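Please read the structure below before turning to the comments.
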Amino acid sequence: MLDAKLFRTDLSSLAAQLMQTRGFELDVALLESLEERRKALQVKTESLQAERNSRSKNIGKAKAQGEDIAPLLAAVNDLGDQLEQAKQELKEVQTELHAIISSIPNLPAAEVPLGKDEEDNQEILRWGEPRQFDFEPRDHVDLGEGLAKGMDFDSGAKLAGARFVVLKGQVAKLHRALTQFMLDLHTEQHGYLETYVPYLVNHETLFGTGQLPKFGEDLFHVQGATEQQIPLSLIPTAEVPVTNLWRDEIADAEQLPLQYCAHTPCFRSEAGSHGRDTRGLIRQHQFDKVELVWLVQPEQSMDVLETLTGHAEAVLQALELPYRKVLLCTGDMGFSAQKTYDLEVWLPSQEKYREISSCSNMGDFQARRMQARFRVKGGKPELMHTLNGSGLAVGRTLVAVLENYQNEDGSVTVPVALRPYLGGLEKLGG
RNA sequence: GGAGAGAUGGCAGAGUCCGGUUGAAUGCACCUGACUUGAAAUCAGGCGUGGGUUUGCGCCCACCGGGGGUUCGAAUCCCUCUCUCUCCGCCA
């Protein structure tokens, strides 16, 4: 959420900025009229309340002195209805304003390149050389199925439907090894606190990180056993539960920065991506991810974004997977982000770099929604800045390892860094 | 699943029975000042959050787990939801 003060002081330039960077159309006239009504109604409501409070106090006093309070009661009679009506109207206007404001995306940082879509993203660097194959490389589906049916999409479809998979044997173990490797790297080398968090969260939590109210259709929602039970949703990323650890909390300034990592499954409905990446593991309803989250003081956040992205890169480098780092343009960034780097890993079968990590600085956007704050000793509470990044998406890393490390006979060499996690195994299949 | 207890400011903890100058005693923590060479201790004062309005001083409103109700007036009474704790049962 953006600072409400922006809407009062600088509405037209805010609207221009949102249009230019996000292509987001702000209804200035509507906001202005709502804000005008809000102001009038709030002043009216509060003055009626003040009036009521003082009269009620007088009644209390009179009663304490044994005076006759009947005339005082009569005088306050008509206030109730007026107040009730004013409150009601105010509530409606505020609800409407809140709905609009909580659906406005974050403002990109100044250095983020202007652009419409991924075409306008800016490549920052390439690491590693895509391997030259002296045979036709298979894609991960063929490779996975070839490894003793270690990647079984038919079973996934039978059990749950399209975009689900069953992993078995060496492929399942490789998947686990990747997860372990990433967690160990981040907790032992990069200073993150490992966390285990709920995979189902409530709506306040989803509002905090920006998934609600706007992106509810991207999520899987879970109905409780009874009507009254509060509705929960499956997390689309560990960013949601981990960042919300600090919702409605005030940290001491010395506690910051906070670094968390978490391995969780992620659940996405993929509504609106019909027909995209239908083959293979690239786009599933359920996938595992190791997520990195930072909570920091505002002036640190841009430096920390570089650090955080570096930690995700370290995984790719350790696995010796060629990748590139891309600075997303304004139009390609997520709703809550101020600045985002994507890491894209080389996939030989597609002869393309594909997203495997996304690292973002959200600024105070999520913190304002969550009321996640910190306090310098003796000072006022201030909003934190929040950051998160994948370190990495496990399923896509599995794809990258299989494809980049494949041999002509369909076997797959195990990256050296992973061998300790596979009991020293050097090769899958073959 | 059954029975009971509870949720109050950064923390601890009164107030809830009997509704009224209670945004809330007290303690801790924190800030300022005095004392001290400095520190500790002691003393005096200050010290919640969000919002509205104002050039400013200030004034006003809301908030005692969430929502709703009763009332001129609710931390206090009623309903409801959530969470926590204790005991029993069950279970990974």
Side-chain angles (χ1 to χ4, degrees), chain A residues 1-9 31-32 34-98 100-102 196-208 212 222-233 241 244-256 258 295 364 367-384:
Chain A
M1 222 153 48
L2 299 173
D3 189 343
K5 289 190 183 75
L6 285 177
F7 297 91
R8 291 178 198 149
T9 55
L31 268 174
E32 268 174 351
L34 280 172
E35 174 56 21
E36 198 179 313
R37 283 187 63 205
R38 190 225 97 228
K39 194 166 174 172
L41 282 166
Q42 185 160 345
V43 169
K44 182 179 172 191
T45 305
E46 290 185 358
S47 71
L48 282 169
Q49 284 181 146
E51 179 71 19
R52 183 205 60 193
N53 288 349
S54 81
R55 292 200 195 184
S56 290
K57 259 180 197 167
N58 287 335
I59 292 175
K61 274 189 227 169
K63 206 175 169 186
Q65 290 165 14
E67 291 170 19
D68 179 19
I69 59 168
L72 290 170
L73 283 179
V76 82
N77 235 345
D78 59 321
L79 263 179
D81 288 347
Q82 280 187 59
L83 179 59
E84 207 44 52
Q85 200 192 331
K87 264 184 171 171
Q88 190 59 37
E89 288 175 38
L90 177 62
K91 194 175 169 186
E92 282 165 22
V93 171
Q94 278 177 329
T95 303
E96 200 173 337
L97 267 172
H98 186 254
I100 293 173
I101 288 173
S102 55
Y196 172 80
V197 292
Y199 303 158
L200 287 164
V201 293
N202 60 35
H203 289 358
E204 288 77 58
T205 300
L206 288 160
F207 180 87
L212 291 181
V222 175
Q223 183 74 52
T226 62
E227 283 283 309
Q228 304 92 301
Q229 275 182 340
I230 53 164
L232 298 173
S233 307
N244 273 279
L245 248 19
W246 285 86
R247 173 154 60 85
D248 294 324
E249 303 285 344
I250 300 174
D252 293 333
E254 311 86 75
Q255 288 178 273
L256 303 181
L258 291 155
L295 300 159
D364 62 13
R368 185 170 293 106
R369 293 175 156 249
M370 293 191 296
Q371 285 301 299
R373 294 173 293 173
F374 71 97
R375 191 201 309 266
V376 177
K377 192 159 283 187
K380 287 273 174 196
E382 300 171 59
L383 295 170
M384 301 173 176

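In what follows, every chain begins at residue 1, and chains take the letters A, B, ... in the order their sequences are listed. All figures in this text were calculated on a predicted structure; none of them were measured in a lab.
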Nucleotide [N], atom [atom2] - distance to [atom1] of [X] in whole Å:
{"X": "A:Ile59", "N": "B:G73", "atom1": "CD1", "atom2": "C1'", "value": "7 Å"}
{"X": "A:Leu48", "N": "B:A62", "atom1": "CG", "atom2": "P", "value": "12 Å"}
{"X": "A:Arg247", "N": "B:C83", "atom1": "CZ", "atom2": "C1'", "value": "13 Å"}
{"X": "A:Glu204", "N": "B:C81", "atom1": "CD", "atom2": "P", "value": "17 Å"}
{"X": "A:Arg375", "N": "B:G48", "atom1": "CZ", "atom2": "P", "value": "10 Å"}
{"X": "A:Lys57", "N": "B:C72", "atom1": "NZ", "atom2": "C1'", "value": "14 Å"}
{"X": "A:Gln371", "N": "B:G10", "atom1": "CD", "atom2": "C1'", "value": "16 Å"}
{"X": "A:Ile250", "N": "B:U49", "atom1": "CD1", "atom2": "P", "value": "7 Å"}

Q: Output yes when a side-chain donor or acceptor of A:Asn244 lies under 3.5 Å from a complementary backbone atom of A:Thr205, and no otherwise.
A: yes

Selected nucleotide, minimal atom distance to [X] side chain, candidates [options]:
{"X": "A:Gln49", "options": "B:U49, B:U53, B:C61", "answer": "B:C61"}
{"X": "A:Ser56", "options": "B:G20, B:U49, B:U53", "answer": "B:G20"}
{"X": "A:Arg373", "options": "B:U53, B:C72, B:U49", "answer": "B:U49"}
{"X": "A:Glu46", "options": "B:A62, B:U53, B:G51", "answer": "B:G51"}

(Q) Contact between A:Leu83 and A:Gln49 at the side-chain level, heavy atoms closer than 4.5 Å - yes or no? (A) yes

**Q.** Qualifying residue for side chain to side chain contact (heavy atoms under 4.5 Å, CB included) with A:Ile250, from A:Gln371, A:Met384, A:Arg373, A:Glu382
**A.** A:Arg373

Pairwise [atom1] distance for [N] and [M], with rounding to whole Å:
{"N": "B:U55", "M": "B:A34", "atom1": "C1'", "value": "37 Å"}
{"N": "B:U49", "M": "B:A44", "atom1": "P", "value": "25 Å"}
{"N": "B:G23", "M": "B:C59", "atom1": "P", "value": "16 Å"}
{"N": "B:C83", "M": "B:C30", "atom1": "P", "value": "36 Å"}
{"N": "B:G66", "M": "B:U26", "atom1": "C1'", "value": "29 Å"}
{"N": "B:G15", "M": "B:G9", "atom1": "C1'", "value": "14 Å"}
{"N": "B:G10", "M": "B:G65", "atom1": "P", "value": "13 Å"}
{"N": "B:A24", "M": "B:U16", "atom1": "C1'", "value": "13 Å"}

(Q) If I take atom CG from residue A:Asn53 and atom CG from residue A:Asn58, how far apart are they, to the nearest 0.5 angstrom? (A) 11.0 Å

Q: Would you please say whether a donor-acceptor pair under 3.5 Å links the side chains of A:Glu89 and A:Gln85?
A: yes

Q | Candidate pair A:Phe7 and A:Leu97, rule side-chain contact (heavy atoms from CB on, under 4.5 Å), full reasoning | A | CA-CA 10 Å; A:Phe7 297 91; A:Leu97 267 172; over 6 Å; no

**Q.** Phosphate OP1/OP2 of B:A62: any A:Arg52 side-chain N/O under 4.0 Å
**A.** yes

Which nucleotide, if any, forms a Watson-Crick or G-U wobble pair with [N], using both distances under 3.5 Å?
{"N": "B:A29", "result": "none"}
{"N": "B:U53", "result": "B:G58"}
{"N": "B:A5", "result": "B:U84"}
{"N": "B:C63", "result": "B:G48"}
{"N": "B:G89", "result": "none"}
{"N": "B:U42", "result": "B:A34"}

Q: Record whether the side chain of A:Lys63 comes under 3.5 Å of the base of B:G20 through a donor-acceptor pair of N or O atoms.
A: yes

Q.
Tell me whether A:Glu35 is salt-bridged to A:Lys39, with the criterion being a basic N under 4.0 Å from an acidic carboxylate O.
A. no

Q) Mapping A:Glu84 and A:Gly60 to their closest nucleotides on RNA chain B, which lands nearer the 5' end? A) A:Gly60

(Q) Heavy-atom nearest nucleotide on RNA chain B for A:Arg55 versus A:Thr45: which residue maps closer to 5'? (A) A:Thr45

Taking any heavy-atom pair under 4.0 Å as a contact, classify [X]: base, sugar-phosphate, or nothing.
{"X": "A:Asn53", "answer": "sugar-phosphate"}
{"X": "A:Lys61", "answer": "base"}
{"X": "A:Lys380", "answer": "sugar-phosphate"}

